[in-house]
Colleague: 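I am attaching a structure below and will ask some questions about it afterwards.
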Amino acid sequence: MTSLPPPDADALAHSDRLAALIRHEIAANDGAIPFSRFMELALYAPGLGYYSAGARKFGEDGDFVTAPELGPIFAACIAESMAPVLQQLGAGALFFELGGGSGAFAEVALKRLLELDALPDRYLILEPSADLRQRQRERLERQLPPMLFELVEWLDGPLPSQWNGVLFANEVIDALPTPRFAIRDGEVFEEHVVVEGYRFARTLRPADAFLGNAVRHLERSLERSFPEGYRSEVLPQLPYWIQAVSGGMRRGAMLFVDYGHPRGEFYQPDRHDGTLRAYYRHRMHAEPLLWPGLQDLTASVDFTALAEAGVAAGFDFAGYCSQASYLLGNGMAGVLERIERMHDASEQQRRRNEVKKLTLPSEMGERFQVMGFAKDVEFGVAFLAGDLSFRL
């Protein structure tokens with residue numbers, strides 16, 4: 001905490017307002033709420049949560065940088081990988097992006113899909129933050145030709161009716177409010193948040209059957225019990241979330257990009273306090289209860305659980321690989337050729353640096369993973385480079 005730059009007075013006042021709301025909810029619930037509920041309020045409380053309020057989050061002036069914010073390469077390769085699916089689906093196909101960030105992904109993806117003759121009928125963005133939605137709208141109206149901007153539509157929830165198309169989510173699952181569990185005397189407990197003085201603190205309460213069964217499922221899958229004192233995260237709601245966001249998709253594909261691990265690596269014995277962390281002004285730290293509303297809270301993705309959830313929702317598993325392998329297998333070669341033909345030396349160097357950040361193991365290349373699902377379309381070809389499904 002001492003190494004973190006202090007928020008200014010306005011930011012602290014904003015955080016205090018959210019903290020008061022959280023304290024009120026804690027008081028109304030016998031003095032404790034599950035950590036997942038704290039995380040939900042800290043990130044998504046209307047007008048106050050981290051993703052619901054107006055502070056800048058992406059880029060050098062924010063708290064973290066996502067792949068689409070680095071430049072156009074990530075979105076162009078993703079669009080290239082999904083273009084064949086849109087072409088298979090033909091007229092009426094939709095492109096559904098969960099969480100639009102700054103709008104950078106949609107801008108590049110639509111331009112690239114136009115070049116590939118694979119434009120969707122509509123480009124839909126599910127964005128819970130009114131502030132981000134406005135920024136996306138302003139950016140896309142400014143950067144896109146009118147005929148492309150007219151395709152963009154913002155949704156308040158998943159598609160309610162049957163549809164064909166593709167669903168894309170970059171760094172979305174890691175921000176789902178996650179329960180935290182702990183093992184004490186062989187029993188499953190759930191981490192809760194209480195108020196101690198003027199500060200929030202974490203404590204344990206016996207887990208309900210829903211969370212307890214999810215933890216025991218993990219142990220059966222791993223073929224070992226968690227040791228005494230072990231703490232981590234699990235998303236028992238993930239199958240229901242996948243079913244909700246895919247909605248009535250009849251034909252199409254889903255693609256998820258996030259950081260995480262296969263189950264056996266996620267729940268390694270030496271990872272005894274889970275993967276939860278906070279991000280504040282490009283600094284990662286381990287105090288998730290600090291300054292609610294001013295910092296991002298995130299946990300890694302159990303990709304084995306994601307595979308189970310996608311299949312349970314009626315999709316075929318299409319593939320799983322590192323971000324580096326996926327980009328290299330879906331258009332990166334052409335990108336590299338175009339970079340080498342650039343006449344502007346400074347722009348050429350920027351794009352080379354972007355490629356390095358996206359693909360090097362020490363950067364995003366191996367830390368981020370890509371998983372796809374298909375329903376009555378061919379999508380597995382996108383994962384031919386570096387398939388890692390044997391690790392699941």
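Predicted model only: the values in this text are computed from it and were never measured. The figures that follow rest on heavy atoms only: side chains count, while hydrogens, waters and symmetry mates do not.
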Colleague: I want to know whether Phe383 and Tyr320 have ring centres closer than 6.0 Å.
Modeller: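 Centroid separation for Phe383 and Tyr320: 6.0 Å or greater.
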Colleague: Between Asn29 (side chain) and Ala32 (backbone), is there a donor-acceptor pair under 3.5 Å?
Modeller: no
Colleague: Crowded around Glu340 CD? As in, over 12 foreign heavy atoms under 6.0 Å?
Modeller: yes
Colleague: Sort and list the pairs that fulfil salt bridge (charged side-chain N to carboxylate O under 4.0 Å, His left out) and have at least one residue in residues 93-122, not counting sequence neighbours.
Modeller: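 Listed once each, the pairs are Glu80-Arg112, Glu107-Lys111, Glu107-Arg139, Arg112-Glu115, Arg122-Glu153.
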Colleague: Does either side chain, that of Tyr51 or that of Asp131, offer a donor lying less than 3.5 Å from an acceptor on the other one?
Modeller: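 Absent: no donor and acceptor within the cut-off.
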Colleague: If only atom types and distance count, is the side chain of Gln348 paired as donor or acceptor with the main-chain N or O of His343 below 3.5 Å?
Modeller: no
Colleague: Would a distance-only check, ignoring hydrogens and angles, find a side-chain to backbone donor-acceptor pair under 3.5 Å from Gln323 to Leu358?
Modeller: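 Such a contact is found between Gln323 side chain and Leu358 backbone.
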Colleague: Under the side-chain hydrogen bond (donor to acceptor under 3.5 Å, both in side chains) rule, collect the residues that match up with Asp174, sequence neighbours excluded.
Modeller: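 Only Tyr259, Thr298 meet the side-chain hydrogen bond (donor to acceptor under 3.5 Å, both in side chains) criterion with Asp174.
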Colleague: Measure the CG-CZ distance between Leu155 and Arg133 for me, rounded to the nearest 0.5 Å.
Modeller: 7.5 Å
Colleague: Hey, is the main chain of Glu187 close enough, under 3.5 Å, to the side chain of Asp185 for a donor-acceptor pair?
Modeller: no
Colleague: Taking Glu191 first and then Arg202, would you say they form a salt bridge - that is, a charged N and a carboxylate O separated by under 4.0 Å?
Modeller: yes
Colleague: Side chains of Ile78 and Asn330, heavy atoms from C-beta outward: is any pair under 4.5 Å?
Modeller: no
Colleague: Is a donor on one side and an acceptor on the other found under 3.5 Å between the side chain of Ser52 and the backbone of Tyr44?
Modeller: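 Such a contact is found between Ser52 side chain and Tyr44 backbone.
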Colleague: Counting only N and O atoms by type, is there a donor-acceptor contact under 3.5 Å from the side chain of Asn164 to the main-chain atoms of Leu89?
Modeller: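 A pair under 3.5 Å: no.
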Colleague: Looking at Arg180, Arg216, Glu190, which hits side chain to side chain contact (heavy atoms under 4.5 Å, CB included) with Leu211?
Modeller: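 Of all the options given, the one that passes is Glu190.
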Colleague: Could you state whether Leu18 and Ile26 fall into the same hydrophobic cluster, counting links through intermediate Ile, Leu, Val, Met, Phe, Trp or Tyr residues with side-chain heavy atoms under 4.5 angstrom apart?
Modeller: yes
Colleague: Evaluate the side-chain proximity of Glu354 to Val335: yes if any heavy-atom separation is below 4.5 Å, no if none is.
Modeller: no
Colleague: For Ser221 and Arg263, does a side-chain donor sit closer than 3.5 Å to a side-chain acceptor?
Modeller: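 Indeed, the side chains of Ser221 and Arg263 share at least one donor-acceptor pair under 3.5 Å.
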Colleague: Kindly check if the number of other-residue, nucleotide or ligand heavy atoms within 6.0 Å of CZ (Phe210) is above 12?
Modeller: yes
Colleague: Please step through side chain to side chain contact (heavy atoms under 4.5 Å, CB included) for the pair Phe317 and Phe373, ending with a clear verdict.
Modeller: CA-CA 5 Å; Phe317 176 78; Phe373 301 90; 4.1 Å; yes
Colleague: Within a strict 4.5 Å, meaning less than it, do heavy atoms of the Ile183 and Val215 side chains meet?
Modeller: yes
Colleague: Between Gln369 (side chain only) and Glu366 (backbone N and O only), is there a donor and an acceptor less than 3.5 Å apart?
Modeller: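 Yes.
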Colleague: Are any side-chain N or O atoms of Gln87 and backbone N or O atoms of Leu116, one a donor and one an acceptor, separated by less than 3.5 Å?
Modeller: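 Side chain of Gln87 to backbone of Leu116: a pair is present.
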Colleague: Indicate whether the side chain of Asn353 and that of Gln349 have a donor and an acceptor atom separated by less than 3.5 Å.
Modeller: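 A pair is found: one side chain offers a donor N or O, the other an acceptor, under 3.5 Å apart.
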Colleague: How about Val152 and Leu110: do any of their side-chain heavy atoms sit closer than 4.5 Å?
Modeller: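 Yes; the side chains approach each other to less than 4.5 Å.
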Colleague: Are Arg351 and Asp344 within salt-bridge range, i.e. N to O under 4.0 Å?
Modeller: no
Colleague: Hey, is CZ on Phe390 packed in by over 12 heavy atoms from elsewhere, all under 6.0 Å?
Modeller: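 Above 12, so yes.
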Colleague: Assign the ring pair Phe95 / Phe105 to parallel, tilted or perpendicular, where the plane angle (0 to 90°) is split at 30° and 60°.
Modeller: tilted
Colleague: Should we count CE of Met342 as having more than 12 external heavy atoms under 6.0 Å?
Modeller: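 Counting other residues, nucleotides and ligands, CE of Met342 exceeds 12 neighbours.
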Colleague: Do any N or O atoms from the side chain of Arg37 and from the backbone of Pro177 form a donor-acceptor pair under 3.5 angstrom?
Modeller: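 Not a single qualifying donor-acceptor pair exists.
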Colleague: Check whether any side-chain heavy atom of Arg283 lies under 4.5 Å from a side-chain heavy atom of Pro5, and answer yes or no.
Modeller: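 Yes, side chains in contact.
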Colleague: For a side chain to side chain contact (heavy atoms under 4.5 Å, CB included) with Leu98, tell me which candidate from Asn170, Ile173, Leu167 qualifies.
Modeller: Leu167
Colleague: Distance-only criterion, 3.5 Å: show the donor-acceptor pairs between side-chain atoms of residues 245-257 and protein atoms not counting sequence neighbours.
Modeller:
| unit_1 | atom_1 | unit_2 | atom_2 | d |
| --- | --- | --- | --- | --- |
| Ser246 | OG | Ile242 | O | 2.8 |
| Ser246 | OG | Gln243 | O | 3.4 |
| Arg251 | NE | Asp376 | O | 3.3 |
| Arg251 | NE | Asp376 | OD2 | 3.1 |
| Arg251 | NH2 | Asp376 | O | 3.3 |

Colleague: Quick check: is Val195 connected to Leu21 through a chain of hydrophobic side chains (ILVMFWY, heavy atoms under 4.5 Å apart)?
Modeller: yes
Colleague: Anything under 30° is parallel, anything over 60° is perpendicular, the rest tilted; go ahead and classify Tyr230 against Phe226.
Modeller: parallel
Colleague: Given side chains that start at C-beta, do those of Pro84 and Val381 come closer than 4.5 Å, heavy atoms only?
Modeller: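 No, every pair of side-chain atoms sits at 4.5 Å or beyond.
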Colleague: Between the main-chain N or O of Trp154 and the side-chain N or O of Glu127, is there a donor-acceptor pair closer than 3.5 Å?
Modeller: no
Colleague: Please determine if Arg23 and Asp16 form a salt bridge, counting it only when a charged side-chain N lies under 4.0 Å from a carboxylate O.
Modeller: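 The answer is no: the pair does not qualify as a salt bridge.
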Colleague: When the ring planes of Phe266 and His261 are compared, do they come out parallel, tilted or perpendicular, using 30° and 60° as the limits?
Modeller: perpendicular
Colleague: Would you check if there is a donor-acceptor pair between the side chains of Tyr267 and Ser232 at a distance under 3.5 Å?
Modeller: no
Colleague: Verify the neighbour count for atom CD of Glu223: are there more than 12 heavy atoms of other residues, nucleotides or ligands below 6.0 Å?
Modeller: no
Colleague: Does the side chain of Arg277 reach to within under 4.5 Å of the side chain of His285, using non-hydrogen atoms?
Modeller: no
Colleague: Let's go through Val234 and Asp302 carefully: what are the C-alpha distance in whole Å and the side-chain angles of both, what is the deciding distance for side chain to side chain contact (heavy atoms under 4.5 Å, CB included) to 0.1 Å, and is it a yes or a no?
Modeller: CA-CA 8 Å; Val234 64; Asp302 172 359; over 6 Å; no
